[in-house]
Structures are given as C-alpha cells and as structure tokens.
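I have placed the structure first, in the form of structure tokens, so that the comments after it can refer back to it.
Excluded from the calculations below are hydrogen atoms, water molecules and symmetry mates; all remaining heavy atoms, backbone and side chain alike, are included.
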Amino acid sequence: MSDEEHHFESKADAGASKTYPQQAGTIRKNGYIVIKARPCKVVEVSTSKTGKHGHAKCHFVGIDIFTGKKLEDIVPSSHNCDVPHVNRTDYQLIDISEDGFVSLLTDSGNTKDDLRLPTDENLLSQIKSGFEEGKDLVVSVMSAMGEEQICALKDIGPKN
C-alpha cells in the first residue's frame with residue numbers, strides 16, 4: 001500500500017476571499033454589497049424598526065456593477081452581509097481584435113488579452129472610434145468576485 005504513488009489534484013487558489021463580511025447596519029449608499037451572488041453598488045438603503053422583539057431590518061437596493069440590473073435584499077441590521085472586494089485598474093489600450101477582445105498594456109509592461117469589449121453601446125462606440133482615430137486610450141477595468149469588465153475610458157491624447 002505504501003509503495004503506491006498518490007496523486008492529488010490541487011484545485012485551491014491563493015486563499016484570498018472574493019468577499020468580506022460587514023455588518024448590514026454599517027453599509028451605506030454608494031458602498032458595495034453582494035445581492036443574489038452578484039456584486040452590486042448600493043443606490044438606496046432604508047432601515048425599518050420592527051415590533052417589540054423583532055430586529056431592525058435594512059432594505060438594500062443595488063445595481064449590479066457588471067450587468068446594470070437592479071437587485072434588492074432585506075437583511076437584519078445586526079447580521080453580516082458579504083461585501084465584494086472591488087478594484088479599478090487603468091490599462092492602456094493597444095489593440096482591438098475582430099473577435100471582440102482587447103489587448104491592454106499593464107503597468108509592468110506585460111499585455112493582458114483576456115478581456116472582451118464592453119457591452120454598453122455608448123462606451124463601445126467611444127472605444128472603437130477613438131481607437132480608429134489613432135488616439136492613446138486608457139481604459140478602466142473594474143474587477144470583483146472573479147469577473148472583470150471595462151467600465152470607463154480616458155483619452156490621453158493622439159499617438160506620437
């Protein structure tokens with residue numbers, strides 16, 4: 001038995017959590033919260049006092065930061081909610097491929113080629129027209145809970 005080789009497939013990541021707990025009563029408007037397993041920006045918070053023995057409840061209205069869908073949740077204010085780790089990173093746009101992927105330049109000088117063009121029509125047309133005109137464009141990429149999406153665009157002038 002001990003002579004046999006054992007092969008373990010490790011499927012663990014670095015252990016960094018996609019979310020962190022925060023008490024519902026401390027989450028404010030313009031903060032972030034996870035509603036129905038989606039990262040959302042809080043657009044409205046209302047707290048209701050309940051009866052003699054009940055808990056105060058927080059009613060959250062949030063907009064999904066990737067799809068723009070409106071989601072709602074009601075949580076007792078003393079309970080913990082999941083809050084996503086949301087990061088914004090700026091990358092310089094190098095190229096747009098025919099299949100809808102973009103090539104971005106990272107701060108370290110490497111390229112990042114795994115992002116699609118945004119689905120927002122307005123932002124999509126701004127990126128395409130700016131790129132065709134030969135402008136130097138910087139895109140802001142929002143990442144949360146293992147998802148990434150281009151969310152904003154900056155023009156840093158024409159290419160030299």
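- With values rounded to the nearest 0.5 angstrom, Gln149 atom CD is found 9.0 Å from Ile65 atom CD1.
- Considering all non-hydrogen atoms of both residues, Ser103 and Asp113 come closest at OG-OD1, 2.6 Å.
- Within the 4.5 Å cutoff, no side-chain heavy atoms of Asp73 are placed close to those of Ile33.
- Under the side chain to side chain donor-acceptor pair (under 3.5 Å) criterion, Asn80 pairs with no residue at all, not counting sequence neighbours.
- Under the 4.5 Å side-chain heavy-atom criterion for ILVMFWY residues, a single connected hydrophobic cluster contains both Phe131 and Val141.
- Interatomic distance, Asp120 CG to Leu123 CG, rounded to the nearest 0.5 Å: 5.5 Å.
- For the residue pair Thr19 and Pro84, the shortest heavy atom distance occurs at CG2-CA, 4.1 Å.
- One finds no salt bridge joining Glu44 and Lys70 here, because no Lys/Arg side-chain nitrogen approaches an Asp/Glu carboxylate oxygen to under 4.0 Å.
- Under the ring-ring contact (aromatic ring centres under 6.0 Å, His included) criterion, His85 pairs with Tyr20, sequence neighbours left out.
- Applying the side chain to side chain donor-acceptor pair (under 3.5 Å) criterion to Thr106, with sequence neighbours excluded, gives Ser108.
- Between Gln92 and Asp136 the shortest heavy-atom distance is NE2-OD1, 3.4 Å.
- In this structure, the separation between OH on Tyr91 and CG on Asn110 is 10.5 Å, given to the nearest 0.5 Å.
- The two atoms that bring Lys36 and Leu71 nearest to each other are CD-CD2, 4.2 Å, heavy atoms only.
- Heavy-atom contacts from other residues, nucleotides or ligands closer than 6.0 Å to CG of Asp99 number more than 12.
- Side-chain contact check for Lys41 versus Asn30: some heavy-atom pair is nearer than 4.5 Å.
- Using a 4.5 Å cut-off on side-chain heavy atoms (C-beta onward), Ile27 and Tyr32 make no contact.
- The shortest heavy-atom contact between Cys58 and Ala24 is SG-O, 3.9 Å.
- No side-chain heavy atom of Cys40 sits under 4.5 Å from any side-chain heavy atom of Phe60.
- Evaluation of the side-chain hydrogen bond (donor to acceptor under 3.5 Å, both in side chains) test over residues 123-134, restricted to residues two or more places apart or in two chains, returns Glu133-Lys135.
- Put simply, the side chain of Val102 does not reach to within 4.5 Å of the side chain of Val139, judged on heavy atoms.
- No continuous path of ILVMFWY side-chain contacts below 4.5 Å connects Ile63 to Ile35, so the two sit in separate hydrophobic clusters.
- Taking the side chain as every heavy atom from C-beta outward, Ser140 and Lys154 approach each other to under 4.5 Å.
- Nearest approach of Gly130 to Leu137, heavy atoms of both residues: C-CD1, 3.8 Å.
- Val34 belongs to a hydrophobic cluster with Met145, counting contacts under 4.5 Å between side-chain heavy atoms of Ile, Leu, Val, Met, Phe, Trp and Tyr, direct or through other members.
- Leu104 and Leu117 fall within a single hydrophobic cluster, where Ile, Leu, Val, Met, Phe, Trp and Tyr side chains are chained together by heavy-atom contacts under 4.5 Å.
- Taking 4.0 Å as the cut-off between side-chain N and carboxylate O, Arg88 and Asp90 do not count as a salt-bridged pair.
- To the nearest 0.5 Å, atoms NZ (Lys69) and CZ (Arg38) are separated by 8.0 Å.
- Taking Thr26 as the reference, Gln22 meet the side chain to side chain donor-acceptor pair (under 3.5 Å) condition, with sequence neighbours excluded.
- You'll find the side chain of Val61 stays beyond 4.5 Å of the side chain of Val42, heavy atoms only.
- Here the OG-CZ distance, from Ser97 to Arg116, works out to 8.5 Å after rounding to the nearest 0.5 Å.
- A chain of hydrophobic side-chain contacts below 4.5 Å, direct or via other Ile, Leu, Val, Met, Phe, Trp or Tyr residues, connects Leu124 to Leu115.
- Put simply, Ile96 and Leu153 are part of the same group of oily side chains (I, L, V, M, F, W, Y) that touch within less than 4.5 Å, one to the next.
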